[in-house]
Amino acid sequence: MRSTPSRRATATGALIAAAALLAAGVQTGTATATPADAPGDTASASAGAIHGALPKQLSPSQRAELIRDANASKAATAKELGLGSQEKLVVRDVIQDNDGTTHTRYERTFSGLPVLGGDLIVQESKAGTTESVTKASKATTAQLKAVDTTADVAPATAQKQALGAAKAAGSDRTVAEKAPRKVVWMASGKPQLAYETVVGGLQEDGTPNALHVVTDATTGAKLYEWQAIENGVGNTEYSGQVTLNTSGTYNLTDTTRGNHKTYNLNHGSSGTGTLFSGTDDVWGDGTPSNAETAAADAHYGAAETWDYYKNVQGRTGIRGDGVGAYSRVHYGNNYVNAFWDDSCFCMTYGDGSGNASPLTALDVAAHEMTHGVTSNTAGLVYSGESGGLNEATSDIFATAVEFYADNATDKGDYLIGEKININGNGTPLRYQDKPSKDGASKDAWYSGIGNIDVHYSSGPANHFFYLLSEGSGAKTINGVSYDSPTSDGLPVTGIGRDKAALIWFKALTTKFSSNTNYASARTGTLAAAGELYGTTSAEYKAVGDAWAGINVGTRPGGGTDPGGTVFENTTVTAIPDRGAAVTSSINVTGRTGNAPSTLKVGVDITHTYRGDLVIDLVAPDGTTYRLKNSSSTDSADNVQTTYTVNASSNVANGTWKLKVQDVYSGDTGKINSFKLTF
């Protein structure tokens with residue numbers, strides 16, 4: 001089923017409270033949603049990983065202390081990063097690894113104005129040494145300093161434009177939620193003064209509206225827009241007998257999971273509703289006509305998702321602060337959607353067509369709660385390529401939670417919405433092994449993918465996760481048959497779902513920023529895999545292979561090249577920021593005569609601003625071939641390509657070198673691999 005760009009199209013299936021629940025009852029207090037030895041627990045997820053690189057499970061008080069420390073030193077950090085005197089850092093989140101490495105995520109202000117797209121992540125060693133800086137924007141401090149903070153356009157102009165955009169998207173609101181605020185827009189290149197207007201009300205399907213519209217404060221032109229309410233479409237089946245943690249005598253408050261509460265909106269569309277309570281601790285009868293049934297499923301889904309993030313990924317609650325979100329069920333009338341809303345810090349579920357199929361399945365909850373995690377970590381903007389990655393992240397962890405829960409009546413699979421029959425013919429809503437089977441999603445990246453609906457542009461990332469987890473080709477898992485292709489026609493060997501999810505989560509929380517695109521996601525996941533398993537590991541290679549399998553970058557090991565003999569150096573070499581040139585060497589032996597006129601030079605470099613780099617190939621006799629010049633306008637990340645060089649005047653055997661120099665300051669990188677194909 002197709003959804004509009006402002007809507008989510010994911011509600012996945014799981015069975016909820018069957019009639020047996022009524023006879024067995026549900027316990028309070030000590031009951032848990034998942035047994036301690038459930039598949040997907042911490043031990044299985046982290047098996048083989050470098051212990052020091054795994055996220056430390058911080059208590060809310062430990063996390064608060066780290067945030068206090070970061071706030072106390074943020075002025076010094078801004079100075080170290082070379083930010084201008086008008087720039088200030090705002091601490092957003094802190095993640096710490098077992099070895100003491102700390103990843104601090106900051107927002108930025110300029111002259112007191114929020115800088116949208118100015119977020120960055122600083123990685124520091126246990127000793128406090130800055131190891132890397134990941135920026136959402138490549139704009140320089142000099143460019144930011146040049147922004148004139150005096151607007152030429154009145155706020156009313158921006159508001160009028162925002163209301164028009166909302167009306168075009170189906171909103172019924174006639175006034176803005178609040179007055180336009182002045183901001184610096186830096187997410188699309190050169191920083192510029194702008195207004196951000198948020199329009200409320202309802203979208204055309206009844207979903208609450210939070211449309212953000214960014215307007216140029218100089219010309220009045222619309223620069224960007226995105227929808228902050230992230231929601232899903234579908235119906236649910238029911239999920240079997242479950243145990244719930246409740247409170248008092250009796251209400252749906254989970255005291256073991258941040259006091260998560262489940263409320264009854266009773267077909268309303270605003271407010272909190274009424275907390276579910278009753279005279280006994282039995283909730284629902286397995287039918288949608290009983291209002292408690294949907295509540296039991298939502299409560300269970302929230303518990304399983306909380307447990308997954310805490311026990312597997314080391315995150316206590318959506319924000320990492322130990323505070324539970326809350327759930328609202330029975331939203332609206334015939335509302336065929338579910339959504340996450342940052343403003344209420346809550347999940348909301350409709351009752352489906354005819355109010356007969358509540359959208360309260362296990363992986364719906366996981367999907368919606370993951371939007372909250374994404375919002376409070378990477379903050380991936382819900383538009384363009386970052387929007388596709390945002391949506392895929394929720395699908396990825398919906399799958400991970402479904403496997404983690406190990407529900408006997410809904411075994412884990414890579415089919416999204418296989419229980420809800422949204423198409424009316426028994427087929428799933430989405431397929432992670434081959435996304436295009438739904439008729440709209442894409443299997444692989446292409447240059448225009450950021451222009452399509454985020455539910456369809458999520459396809460390549462979903463496909464990447466499947467390939468990394470299970471590998472390519474035909475196989476059967478939990479009774480479901482899959483047959484996953486690759487865009488380059490080469491096989492991918494999977495590393496297991498637990499490792500794949502661990503890598504994605506580390507990248508999400510420590511590498512991704514608000515406008516991460518597919519190329520940057522590759523860089524981030526490779527960096528995460530390198531930290532967790534080492535850059536010479538099978539896991540690292542599999543990440544590169546899986547990305548190549550969806551047409552993002554090349555394979556770190558090169559794959560099979562029918563064009564000749566391959567010599568390769570995969571030793572990682574750091575590139576100093578505005579420093580001396582470094583080299584990666586290959587000793588070629590066993591060749592006769594000279595090198596070919598079409599010598600292939602494969603380069604895999606990760607770097608946060610590729611325009612800083614000068615790259616040369618140096619032959620054994622010292623002859624130098626320029627592969628790439630520096631450029632102040634080449635702001636993309638990374639150099640992952642193959643150059644062709646006429647080296648026929650040089651003897652083939654001997655030591656060949658890739659020489660790389662960073663000639664500008666402010667960005668860092670490394671040579672991952674270098675290969676020659678003769």
Side-chain angles (χ1 to χ4, degrees), residues 3-8 107-111 113-119 136-139 143-144 146-204 207-230 342-343 375 379-391 447-457 513-517 635:
S3 62
T4 66
S6 61
R7 296 184 204 143
R8 292 208 9 227
E107 302 286 358
R108 238 190 300 185
T109 64
F110 174 75
S111 220
L113 302 177
V115 180
L116 305 186
D119 49 302
S137 171
K138 306 307 178 188
Q143 289 176 310
L144 190 54
V147 173
D148 182 354
T149 58
T150 302
D152 295 327
V153 170
T157 301
Q159 181 172 303
K160 181 178 179 181
Q161 182 193 81
L163 292 171
K167 183 178 180 180
S171 172
D172 69 350
R173 193 75 168 189
T174 56
V175 296
E177 189 79 1
K178 58 183 72 173
R181 68 169 181 167
K182 199 186 292 186
V183 300
V184 175
W185 177 248
M186 200 163 80
S188 301
K190 183 180 178 181
Q192 58 194 115
L193 188 67
Y195 289 107
E196 180 193 27
T197 309
V198 182
V199 181
L202 299 175
Q203 298 176 45
E204 60 184 346
T207 304
N209 198 38
L211 184 69
H212 292 242
V213 180
V214 180
T215 305
D216 190 325
T218 300
T219 66
K222 187 178 78 173
L223 299 174
Y224 206 76
E225 71 174 67
W226 74 92
Q227 178 61 250
I229 301 293
E230 297 156 346
D342 274 330
S343 66
S375 176
L380 291 163
V381 173
Y382 204 59
S383 181
E385 290 193 24
S386 62
L389 292 168
N390 185 321
E391 188 64 21
S447 61
I449 200 164
N451 299 323
I452 67 173
D453 186 294
V454 296
H455 307 95
Y456 306 149
S457 65
S513 61
S514 59
N515 60 349
T516 290
N517 57 17
S635 62

query: Residues two or more places apart in sequence or in another chain: which of them pass side chain to side chain donor-acceptor pair (under 3.5 Å) with N515?
result: none
query: Is there side-chain contact between M186 and L144, with at least one heavy-atom pair below 4.5 Å?
result: yes
- prompt: What distance do L113 atom CG and E196 atom CD have between them, rounded to the nearest 0.5 Å?
  reply: 12.0 Å
task: Any chance you could measure W185, atom CH2, to S137, atom OG, to the nearest 0.5 Å?
output: 10.0 Å
- prompt: So, for G117 and S514, which heavy atoms are closest and what is the spacing to 0.1 Å?
  reply: CA-OG, 4.0 Å
query: Looking only at heavy atoms, which two atoms of T149 and S111 are closest? And how far apart?
result: CG2-CB, 4.1 Å
task: Go through the structure and list residues passing salt bridge (Lys or Arg N to Asp or Glu O under 4.0 Å) with K182, not counting sequence neighbours.
output: none
message: Could you work out, with side chain to side chain donor-acceptor pair (under 3.5 Å) as the rule, every residue matching T219, not counting sequence neighbours?
response: D216
- prompt: Which heavy atom in F110 sits nearest to a heavy atom in V115, and how many Å separate them?
  reply: N-CG2, 3.6 Å
query: Between atom OG of S457 and atom CG of N390, what is the distance when rounded to the nearest 0.5 Å?
result: 10.0 Å
field: Pairing residues for K190 by the salt bridge (Lys or Arg N to Asp or Glu O under 4.0 Å) criterion, not counting sequence neighbours
entry: none
query: Looking only at heavy atoms, what is the nearest atom pair of V184 and P191, with distance?
result: CG1-CB, 4.0 Å
task: Under the side chain to side chain donor-acceptor pair (under 3.5 Å) rule, collect the residues that match up with T215, sequence neighbours excluded.
output: Q161
Residue pair S375 / D342: nearest heavy atoms and the distance that separates them: OG-OD2, 2.6 Å
statement: With sequence neighbours left out, the residues meeting side-chain contact (heavy atoms from CB on, under 4.5 Å) with T516 are L380, L389, F512, S513, S520, A521
message: Can you give me the closest heavy-atom contact between Y224 and G384, atom names plus distance?
response: OH-N, 4.3 Å
